[in-house]
Amino acid sequence: MISDKMQDALNAQINNEMWSAYLYLAMSADVLNFGMKGMSHWFRKQTDEEMQHAFKFMDYLESHFASIELRAIAEIPIVWENPESMFETALRNERKVTSLINNLCLIAENEKDYATIVFLQWFVTEQVEEEESVRTILDDLTKIGEDKAALFLLDKELEKR
Ligand code: FEO
C-alpha cells in the first residue's frame, strides 16, 4: 500500500515522462529540417524509452492497486535553431528529470515507503545514463562545430542506436 501523497507524486511523474516523450518526438521531427536522419532516429528511440519509463510508473501503481491518473500534457517547444540547441534542451530536461526522481526518493523516504525506495533505484541509475548519453552527444557537437563531414559521421553513428 502506498500513501496518497506518494500516489500523487508517482502520477505526476507519469506526466513528466510523457512530456519528455513528447519533447523528444518534437525533436525527432524538427531535426529532419537540418537533414539529420540519424538524430531523428535517436530522438525517436528516446521517445520510446520515455514512454517505457511512464509505463513502469503505471505498472508500479497498478501493482499497489493505486489509482492511475493520466493528466494533460503541457505544451512543448517545437522549433530549435540547430541540433546543438536541441541537445542542450535535452540535457536540461534530463537534469530536471534527475531532480524530480530525487524528489520522489525524498518523498518515499519521508513516507517510510521502502518498496517505493527500492523501485526508484532503477530510475536513479537510469538518470545517470540518460544525462551521460545526452552530454556525450552535446560535447561531440561542440567539438564538431561547423565541420560538415564530422557532423555527417556523427549523424550516421546515431542512426545505429
Ligand atoms: Fe525518463 Fe529521460 O528520463
Side-chain angles (χ1 to χ4, degrees), residues 2 5-32 34 36-64 66-109 111 113 115-142 154-155 157-161:
I2 59 174
K5 185 171 183 183
M6 195 75 251
Q7 176 180 293
D8 184 62
L10 293 171
N11 271 304
Q13 191 58 26
I14 294 172
N15 190 269
N16 292 325
E17 300 291 348
M18 292 303 289
W19 190 87
S20 294
Y22 207 36
L23 175 73
Y24 295 132
L25 193 60
M27 289 176 176
S28 80
D30 192 46
V31 83
L32 288 173
F34 303 98
M36 299 289 118
K37 278 186 139 184
M39 289 184 193
S40 179
H41 170 79
W42 192 94
F43 282 124
R44 191 76 79 89
K45 286 277 182 188
Q46 192 65 20
T47 300
D48 288 343
E49 269 202 12
E50 299 303 346
M51 292 186 70
Q52 292 304 321
H53 296 170
F55 298 159
K56 271 183 191 283
F57 282 103
M58 290 175 75
D59 291 345
Y60 183 70
L61 285 163
E62 186 191 352
S63 70
H64 282 277
S67 295
I68 296 167
E69 293 165 20
L70 298 182
R71 301 168 185 173
I73 297 173
E75 202 169 340
I76 44 149
I78 52 170
V79 176
W80 285 266
E81 252 175 57
N82 48 44
E84 198 171 346
S85 67
M86 269 181 219
F87 281 94
E88 282 166 358
T89 303
L91 184 57
R92 268 198 304 278
N93 184 53
E94 289 307 328
R95 286 176 174 161
K96 184 189 82 183
V97 173
T98 298
S99 76
L100 291 168
I101 297 291
N102 288 345
N103 194 48
L104 286 175
C105 293
L106 194 62
I107 294 170
E109 277 175 22
E111 299 288 301
D113 183 343
T116 301
I117 290 170
V118 171
F119 165 71
L120 289 170
Q121 290 315 298
W122 185 89
F123 287 93
V124 170
T125 308
E126 175 73 1
Q127 279 313 118
V128 176
E129 278 179 30
E130 293 274 84
E131 284 193 36
E132 185 191 9
S133 65
V134 176
R135 177 70 195 265
T136 301
I137 297 167
L138 184 56
D139 284 351
D140 285 349
L141 281 168
T142 307
L154 175 64
D155 193 58
E157 186 62 32
L158 295 180
E159 202 164 13
K160 293 180 193 156
R161 182 180 183 186

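All residue numbers refer to positions in the sequence shown, counting from 1. Counting starts at 1 for both ligands and their atoms, in listed order.
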Check your understanding: Does Glu130 bring an N, O or S atom to under 2.8 Å of atom 2 (Fe) of ligand 1?
Key -> yes
Exercise for review: May I ask you to check whether Gln127 and Glu131 show a side-chain donor-acceptor distance below 3.5 Å?
Suggested key: no
Review point. Do Asp139 and Thr136 have a side chain donor and acceptor closer than 3.5 Å?
Key: no
Study note, to complete from the structure: atom 2 (Fe) of ligand 1 has as its nearest N, O or S atom from Glu50 the atom OE2
Review point. Can you tell me if an N/O/S atom from Glu49 lies under 2.8 Å from atom 2 (Fe) of ligand 1?
Key: no
**Study point:** Aromatic centroids of Phe57 and His53 separated by under 6.0 Å
**Key:** no
Check your understanding: If you stand at atom 1 (Fe) of ligand 1 and look out to OE1 of Glu17 and ND1 of His53, what angle do those two lines make, to 10°?
Key -> 100°
Point to revise | Pair Trp42 + Phe87: ring centers closer than 6.0 Å | key: yes
